[in-house]
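Here's the structure, in structure tokens; my notes come after.
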Amino acid sequence: MPNMQPKISIIVPVYNAGNYLRHCLDTLVNQTLRDIEIILIIDCPTDGSDEICREYAANDNRIVIINNVRNLHIGNSRNEGLKIAQGEYIGFSDHDDYRTLDMYEKLYAQAIENDTDIILGTSVAVGDQNEVLHFPISTKENPKNFALRDLLSCGSDETFTPLALNIHPNIYRNDWLKINEIQFVNTTKCTPEDRIFQIMCLCNTDKVA
């Protein structure tokens, strides 16, 4: 990485990602926001995903690799990424996620314009048969209040799952996470880690957009 602070660090735990990993990484390295850091936490995969990570890292100096000496699962793997992340903001991706190429540019612009600790984005689920399920967040309610109510009520009769559950379309201010000591739970002992992380974040700030 250059010496200047990246605008966003994106933390990606990698286990047995299979055919999804290249699509995930392609949509990270080709983001229109170039000032990013991509942290790949290799969590002892057995399918060759580690070699794909090293291949991409050899061709892009924005990629940082962490090799777990034992399988830590997703929660503690993300925490390892948080320890070294240099970005002004933090983003998260699973190894089978992919995104529009201007996603982080748009999120960062909103974060700066609104001076926020959290920017909530929207996500789409794609099934095995390419069926698509949208998770939009569109409300006139205060976004923090909406997200907390949504998470604690487990969604609604219309959605069946909280719209605010996913952390992958969001970004979080790095220094604020550190000050509040917000991390993920140990997923070898406790789940769902995303919901717990999201609730801790929302309870520690009013600067949400």
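A quick note: this is a predicted structure, and the numbers were derived from the prediction, not measured. Starting from 1, each residue takes its place in the sequence as its number. These numbers come from the heavy atoms of this one structure, side chains and all, not from hydrogens, waters or symmetry mates.
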Asp26 vs Tyr56, side-chain contact (heavy atoms from CB on, under 4.5 Å): CA-CA, chis, key distance, verdict: CA-CA 9 Å; Asp26 285 342; Tyr56 276 76; 2.8 Å; yes

Applying the side chain to side chain donor-acceptor pair (under 3.5 Å) criterion to Ser77, which one of Asn68, Asn71, Thr187 satisfies it? Asn68

Among Asp115, Thr116, Asn114, whose side chain to side chain donor-acceptor pair (under 3.5 Å) with Lys207 holds? Asp115

With under 30° as parallel and over 60° as perpendicular, where do the rings of Phe184 and Phe197 fit, or are they tilted in between? parallel

Parallel, tilted or perpendicular: which fits the ring planes of Tyr89 and Tyr108, with parallel below 30° and perpendicular above 60°? perpendicular

Could you measure the distance from the [atom1] atom of [X] to the [atom2] atom of [Y]? Nearest 0.5 Å is fine.
X: Ile8; Y: Glu105; atom1: CD1; atom2: CD; answer: 10.0 Å
X: Asp43; Y: Leu72; atom1: CG; atom2: CG; answer: 5.5 Å
X: Thr188; Y: Ile74; atom1: OG1; atom2: CD1; answer: 13.0 Å
X: Asp117; Y: Asn180; atom1: CG; atom2: CG; answer: 8.0 Å
X: Cys44; Y: Asn16; atom1: SG; atom2: CG; answer: 10.0 Å
X: Leu40; Y: Arg54; atom1: CG; atom2: CZ; answer: 10.5 Å

A side-chain contact here means heavy atoms from C-beta on lying under 4.5 Å apart; do [X] and [Y] qualify?
X: Ile10; Y: Gln31; value: no
X: Ile63; Y: Val29; value: yes
X: Trp176; Y: Cys201; value: yes
X: Asp194; Y: His168; value: yes
X: Ser49; Y: Ile42; value: no
X: Gln86; Y: Val64; value: no

Minimum heavy-atom separation for [X] to [Y], with atom names?
X: Ile65; Y: Ala57; answer: CD1-CB, 3.7 Å
X: Pro6; Y: Ile36; answer: CB-C, 4.0 Å
X: Leu33; Y: Arg62; answer: O-NH1, 4.3 Å
X: Lys144; Y: Asn142; answer: N-OD1, 2.9 Å
X: Phe92; Y: Leu82; answer: CZ-CD2, 4.1 Å
X: Val14; Y: Leu21; answer: CG1-CD2, 4.0 Å

Ion pair Asp94/Arg78, N-O distance below 4.0 Å: yes

Does Lys178, at its NZ atom, have more than 12 non-hydrogen atoms belonging to other residues, nucleotides or ligands within less than 6.0 Å? yes

Can you tell me if Asn19 has over 12 outside heavy atoms packed within less than 6.0 Å of its CG? no

Verify the distance criterion only: is there a donor paired with an acceptor across the side chains of Arg70 and Asn76 at less than 3.5 Å? no

Between Arg173 and Thr205, does the side-chain contact (heavy atoms from CB on, under 4.5 Å) criterion hold? Intermediate values first, please. CA-CA 11 Å; Arg173 196 192 303 268; Thr205 186; over 6 Å; no

Quick check on the hydrophobic clustering: are Leu177 and Ile179 connected, directly or via other members, by side-chain heavy-atom contacts under 4.5 Å? no

Quick one: do Tyr20 and Val12 end up in the same hydrophobic cluster if we chain Ile, Leu, Val, Met, Phe, Trp and Tyr together by side-chain heavy atoms under 4.5 Å apart? no

Give the C-alpha distance, both sets of side-chain angles, the deciding distance and a yes or no for side-chain contact (heavy atoms from CB on, under 4.5 Å) between Arg99 and Tyr104. CA-CA 9 Å; Arg99 58 214 42 79; Tyr104 286 114; 3.6 Å; yes

Residues that Asn204 engages under side chain to side chain donor-acceptor pair (under 3.5 Å), provided they are two or more places apart: none

